[in-house]
Amino acid sequence: MLPCFVHTRSKQVVSDHLRVRVEAVARELGVVDLLQGELGDLFDQTFARPTSDAKYQSNRLLPGALPLEWSFSEADLDALRFEFQPFEPTLAGEERLRRTVRALAPVVEGYHGRELADQFKSAVLSASAAESKLNFGAFVGLVQRPRCGLEFKMYVECDPQDPALVSSELSNIAGTVPHFVSVAVGASTISQRIYYLCRDGLRAMDLEAVCAALGMSHRFPALLMTMLELTEGHFHLPPNSVLLGIRRHGKESELKVELVYGTAMNPDGLIDRINRLLQPVSLAPFRSWGAMICPEKVATLPVRVVSVKTSALQPPCLSIYAAEPWSES
């Protein structure tokens with residue numbers, strides 16, 4: 001069992017605490033600690049303020065908490081996964097994007113080679129909005145799987161008016177606009193997922209036409225039942241409570257529906273609903289992960305988002321995103 005830090009705040013800077021957390025979770029999962037070398041330097045710069053500094057709460061990734069999010073995926077049962085908003089929490093979006101690309105490109109090159117690093121940098125810059133339109137700029141995601149290379153992600157803020165990002169598959173959902181683009185590099189490939197914000201809310205039944213347009217009509221019934229379980233039967237979800245992510249693998253497309261805690265999903269009983277939806281093979285890994293992230297009581301895991309991902313070849317599977325509990329106390 002991992003040590004619990006929820007009630008042991010001190011005058012240390014946040015990186016001191018989080019480095020211990022990441023090392024311990026990595027050890028439990030049997031993977032390499034990610035925070036080595038230049039990557040650790042980026043992490044230390046991001047979390048260099050004292051734990052009592054209220055500026056952390058102004059971050060755009062997890063407002064009111066530390067700008068670090070742990071995640072669990074049924075598609076990656078034994079992976080160490082987390083995302084964070086790099087550099088100072090109050091940094092302007094355009095400056096955060098520039099600094100993040102400058103810091104991450106050499107790290108990607110060190111793991112995956114110059115050619116892939118150049119492709120990664122080019123994809124990030126082409127996906128980003130004009131500097132004058134940036135708010136948060138960029139987030140960073142890291143995935144470390146046992147016996148596999150490290151996967152890097154940048155979540156790049158895009159222009160909601162960019163015609164190149166408009167999705168014809170979402171044309172039946174009013175108020176849906178591009179929000180950010182995820183650019184991932186790992187296993188000798190670059191992949192992208194475009195996330196769309198449902199500004200006017202979402203009628204769950206409208207996803208039937210989306211699934212048909214993406215060539216996965218047969219997945220809609222299971223997707224709908226999963227969403228209804230998570231939202232306690234709500235067919236109409238509020239404005240800004242849902243993100244739709246689309247990623248294309250050659251001729252195959254993947255749809256990801258992200259539901260926000262507290263708006264799309266009622267917090268009461270959410271962990272029980274998640275447990276009912278997980279595949280039998282996922283239950284034990286999820287409970288172990290929950291015990292690593294929130295050692296005191298898994299039922300109090302500070303979930304912020306639950307996503308449902310599916311494709312023509314893949315039935316719906318869940319990912320759970322949680323805040324760092326140390327910042328929730």
Side-chain angles (χ1 to χ4, degrees), residues 5-19 21-22 35 39-71 81-104 124 128-142 153-160 177-182 195 197 199 238-243 258-265 267 293-294 300-305 321-329:
F5 297 91
V6 175
H7 301 301
T8 58
R9 291 180 181 271
S10 73
K11 294 181 180 180
Q12 68 185 150
V13 297
V14 171
S15 65
D16 293 338
H17 160 73
L18 290 179
R19 272 184 172 272
R21 290 279 280 160
V22 172
L35 302 182
L39 197 55
D41 294 341
L42 172 59
F43 199 78
D44 289 340
Q45 290 179 61
T46 297
F47 297 104
R49 291 179 176 273
T51 61
S52 58
D53 197 319
K55 286 188 174 64
Y56 281 121
Q57 298 182 20
S58 65
N59 78 86
R60 302 299 294 271
L61 177 64
L62 291 173
L66 290 177
L68 180 138
E69 181 177 66
W70 302 95
S71 63
R81 301 162 51 94
F82 64 87
E83 297 80 35
F84 64 97
Q85 177 182 287
F87 299 108
E88 283 284 307
T90 57
L91 193 66
E94 60 271 20
E95 184 62 20
R96 175 173 291 108
L97 176 62
R98 282 197 296 269
R99 290 192 192 182
T100 304
V101 172
R102 190 163 60 241
L104 204 55
V124 166
S128 65
E131 290 188 356
S132 61
K133 296 185 178 182
L134 291 174
N135 293 307
F136 65 84
F139 303 138
V140 171
L142 302 170
K153 296 181 182 181
M154 272 188 67
Y155 298 87
V156 186
E157 186 177 1
C158 61
D159 182 354
V177 296
H179 191 46
F180 57 84
V181 178
S182 168
Y195 287 85
L197 178 64
R199 285 182 173 173
N240 301 317
S241 69
V242 183
L243 286 167
E258 296 205 334
L259 304 170
V260 178
Y261 172 92
T263 51
M265 300 179 297
I293 304 307
C294 195
T300 64
L301 184 71
V303 173
R304 292 299 187 94
V305 170
Y321 301 83
E324 165 56 37
W326 201 50
S327 63
E328 296 282 312
S329 60

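For clarity, every value in this text was computed on a predicted model and none was experimentally measured. Computed from heavy atoms alone, side chains included, the values below leave out hydrogens, waters and symmetry copies.
- By the 4.0 Å N-to-carboxylate-O rule, E69 lies too far from R304 to be salt-bridged with it.
- Contact annotation: the side chain of L301 approaches that of I293 to within less than 4.5 Å [non-hydrogen atoms, C-beta and beyond].
- Residues that satisfy the side-chain hydrogen bond (donor to acceptor under 3.5 Å, both in side chains) test with E95, not counting sequence neighbours, are R98, R99.
- Considering CZ of R199 and CG of N240, their distance stands at 7.5 Å, rounded to 0.5 Å.
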- [ ] Would you sort out whether L97 and E157 count as a side chain to side chain contact (heavy atoms under 4.5 Å, CB included), showing the intermediate values?
- [x] CA-CA 9 Å; L97 176 62; E157 186 177 1; over 6 Å; no
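- Qualifying ring pair (Phe, Tyr, Trp, His ring centres under 6.0 Å) partners for Y195, counting only residues two or more places apart in sequence or in other chains: F180.
- A search for salt bridge (Lys or Arg N to Asp or Glu O under 4.0 Å) contacts involving D159 returns K133, not counting sequence neighbours.
- Considering only residues two or more places apart in sequence or on other chains, D16 meets the salt bridge (Lys or Arg N to Asp or Glu O under 4.0 Å) condition with none of them.
- Residues meeting the ring pair (Phe, Tyr, Trp, His ring centres under 6.0 Å) test with Y321, sequence neighbours left out: none.
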TODO: Give the C-alpha distance, both sets of side-chain angles, the deciding distance and a yes or no for side chain to side chain contact (heavy atoms under 4.5 Å, CB included) between V140 and F82.
DONE: CA-CA 9 Å; V140 171; F82 64 87; over 6 Å; no
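- Between M154 and S128 there is no side-chain heavy-atom pair separated by less than 4.5 Å.
- Note that CG of N59 and CZ of F87 are 15.0 Å apart. Values are rounded to the nearest 0.5 Å.
- Summarising the geometry of L61 relative to L68, their closest heavy-atom pair is CD2-N, 4.2 Å, with the distance given to 0.1 Å.
- For the atom pair CZ (F47) and CG (L42), the distance works out to 9.0 Å, reported to the nearest 0.5 Å.
- Across L66 and E324, no two heavy atoms sit closer than the pair CD1-CG, 4.1 Å.
- E83 and G141 get closest at one heavy-atom pair: CG-CA, 3.9 Å.
- Side-chain atoms of R19 and D44, non-hydrogen and from C-beta on, do get closer than 4.5 Å to each other.
- Of all heavy-atom pairs spanning Y261 and P267, the tightest one is OH-CB, 3.1 Å.
- R49 meets the side-chain hydrogen bond (donor to acceptor under 3.5 Å, both in side chains) test with D53, E88; sequence neighbours excluded.
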TODO: Could you go through the side chain to side chain contact (heavy atoms under 4.5 Å, CB included) check for L134 and R96 one step at a time?
DONE: CA-CA 10 Å; L134 291 174; R96 175 173 291 108; over 6 Å; no
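- Minimum heavy-atom separation, V305 to M265: C-CE, 4.4 Å.
- Within the 4.5 Å cutoff, no side-chain heavy atoms of H17 are placed close to those of T51.
- Here the closest heavy-atom approach between residue P86 and residue A138 is recorded as CD-O, 3.5 Å.
- Counting heavy atoms from C-beta outward, L104 and L39 have side chains that approach closer than 4.5 Å.
- Checking side-chain atoms of Q85 against main-chain N and O of R60 turns up a donor-acceptor pair under 3.5 Å.
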